[in-house]
Amino acid sequence: MLKIAVCDDERDVVSANIKITEECLKKAGAIGKITAYTRSDNLFSDIAEDQLFYDLILLDIEMPGKTGMELAEKIKPYLPNVKIIFITSHIEYAIDAFELSIFRYVPKNDIQRRLPAAVLDAVKLLQLEEGKVYTIQTTRRLEKIPYKEILYIERDGKYARIQTVHGESKVRKTLQQVFEELSSEEFIFIDRGCIVNIIHIMQVKDAMAVLDEGGSLPISRSHLQDVKNQINGYWGAHI
């Protein structure tokens, strides 16, 4: 179960954002518990003193007491992996939000379009992080690789070479066999010899998939349009 907090000093805004979040959870087939806050101090107290855990926080920047920006800085030591969606009417905060590694920045003047997309993206990533693993089992070893750590998988002779954020592993299988075993929409072919994890693709530029961990991979001409369609289908038409 995902644990989500919605914090805004206006109760009607909290209610509206909770409704959007509930719809996103339903669309993603996820179960979540949503807690409402109208005071930033109460949210911080629950996290810092009562050790409440949250996977995702929807946070208004402009609030009395601790601002959303201040609260995000204070929360990070307690919840280093929490995903925070900032909601604000002041676009100048976007740069600071980026520096705080905020998951998304949503302007209030476009909240009905942008917030559902941001929440759905966060829920999809949280679902992926809940425990999906790819298992390599041989007579000599048993290795479990979390899906979220897989960057891409390449054909390497009779093997499939799995490149992760920590290094690489090999399994004596075809790419198609590995793809079928993964059985997850996060993984797509960008070439006959390469599968990439969508969550690590930052952008597609000049027929290259640019990865968040650095580096880029060529996308074959025959796969280019399909790759773009699959990325848009996964993240939504807002990209």
Side-chain angles (χ1 to χ4, degrees), residues 1-50 52-130 199 202-203 212 232 234-239:
M1 176 185 290
L2 301 180
K3 295 184 179 180
I4 303 169
V6 177
C7 186
D8 193 294
D9 59 303
E10 299 181 32
R11 292 184 181 278
D12 58 335
V13 173
V14 170
S15 297
N17 291 347
I18 286 176
K19 184 177 180 181
I20 288 173
T21 303
E22 289 173 339
E23 291 171 352
C24 290
L25 287 169
K26 184 177 181 181
K27 186 174 182 179
I31 299 174
K33 178 182 179 182
I34 305 171
T35 304
Y37 293 90
T38 54
R39 289 179 56 86
S40 59
D41 289 340
N42 290 344
L43 173 55
F44 179 69
S45 176
D46 279 355
I47 293 171
E49 297 176 14
D50 297 336
L52 262 65
F53 175 86
Y54 289 109
D55 298 289
L56 171 64
I57 299 176
L58 279 60
L59 188 58
D60 183 21
I61 289 184
E62 302 92 19
M63 290 186 292
K66 286 186 181 68
T67 66
M69 196 73 68
E70 293 169 335
L71 183 59
E73 287 186 278
K74 291 181 177 294
I75 284 174
K76 281 293 184 177
Y78 298 94
L79 302 174
N81 298 316
V82 68
K83 290 174 175 53
I84 297 176
I85 296 175
F86 265 160
I87 302 168
T88 181
S89 56
H90 296 287
I91 195 166
E92 64 268 21
Y93 284 125
I95 295 175
D96 292 329
F98 178 78
E99 291 174 350
L100 283 168
S101 299
I102 300 304
F103 181 73
R104 287 287 188 279
Y105 166 85
V106 176
K108 286 185 177 179
N109 61 5
D110 197 17
I111 199 167
Q112 291 301 317
R113 183 177 72 91
R114 298 279 293 275
L115 186 57
V119 172
L120 193 56
D121 284 355
V123 170
K124 283 182 176 181
L125 278 183
L126 288 166
Q127 285 178 309
L128 184 61
E129 292 171 0
E130 278 191 323
I199 71 169
M202 294 294 290
Q203 64 175 318
D212 57 3
N232 284 336
Y234 182 79
W235 289 120
H238 57 287
I239 285 184

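- The minimum heavy-atom distance between Tyr37 and Ala5, with the atom names listed, is CE1-CB, 4.0 Å.
- Contact annotation: the side chain of Ile87 never approaches that of Asp8 to less than 4.5 Å [non-hydrogen atoms, C-beta and beyond].
- Between the CG atom in Leu56 and the NZ atom in Lys83 there is a gap of 8.5 Å [rounded to 0.5 Å].
- In this structure, Thr88 OG1 and Ile111 CD1 are separated by 10.5 Å, a value rounded to the nearest 0.5 Å.
- The two residues Met63 and Cys7 have their closest heavy-atom pair at SD-SG, 3.7 Å.
- When all heavy atoms of Ala72 and Phe86 are compared, the pair lying nearest together is CB-CZ, 3.7 Å.
- Summarising the geometry, atom CG belonging to Leu58 is positioned 11.0 Å from atom CZ belonging to Phe103; distances are rounded to the nearest 0.5 Å.
- Listed by chain and number, the residues in a salt bridge (Lys or Arg N to Asp or Glu O under 4.0 Å) with Asp46 amount to none (sequence neighbours excluded).
- Interatomic distance, Gln127 CD to Asp55 CG, rounded to the nearest 0.5 Å: 11.0 Å.
- Minimum heavy-atom separation, Arg114 to Tyr105: NH2-O, 3.5 Å.
- Taking CG from Leu43 and CG from Leu52, the interatomic distance works out to 9.0 Å, rounded to the nearest 0.5 Å.
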List, one per line, each side-chain donor-acceptor pair under 3.5 Å for residues 9-28, sequence neighbours excluded.
{"residue": "Ser15", "atom": "OG", "partner": "Arg11", "partner atom": "O", "Å": "3.1"}
{"residue": "Thr21", "atom": "OG1", "partner": "Asn17", "partner atom": "O", "Å": "2.8"}

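- Atom OG1 of Thr35 is separated from atom NZ of Lys3 by 9.0 Å, given to the nearest 0.5 angstrom.
- Residues satisfying the salt bridge (Lys or Arg N to Asp or Glu O under 4.0 Å) test with Asp60, not counting sequence neighbours, are Lys108.
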Evaluate side-chain contact (heavy atoms from CB on, under 4.5 Å) for Leu126 paired with Ile4, printing each intermediate quantity in order.
CA-CA 11 Å; Leu126 288 166; Ile4 303 169; 5.9 Å; no
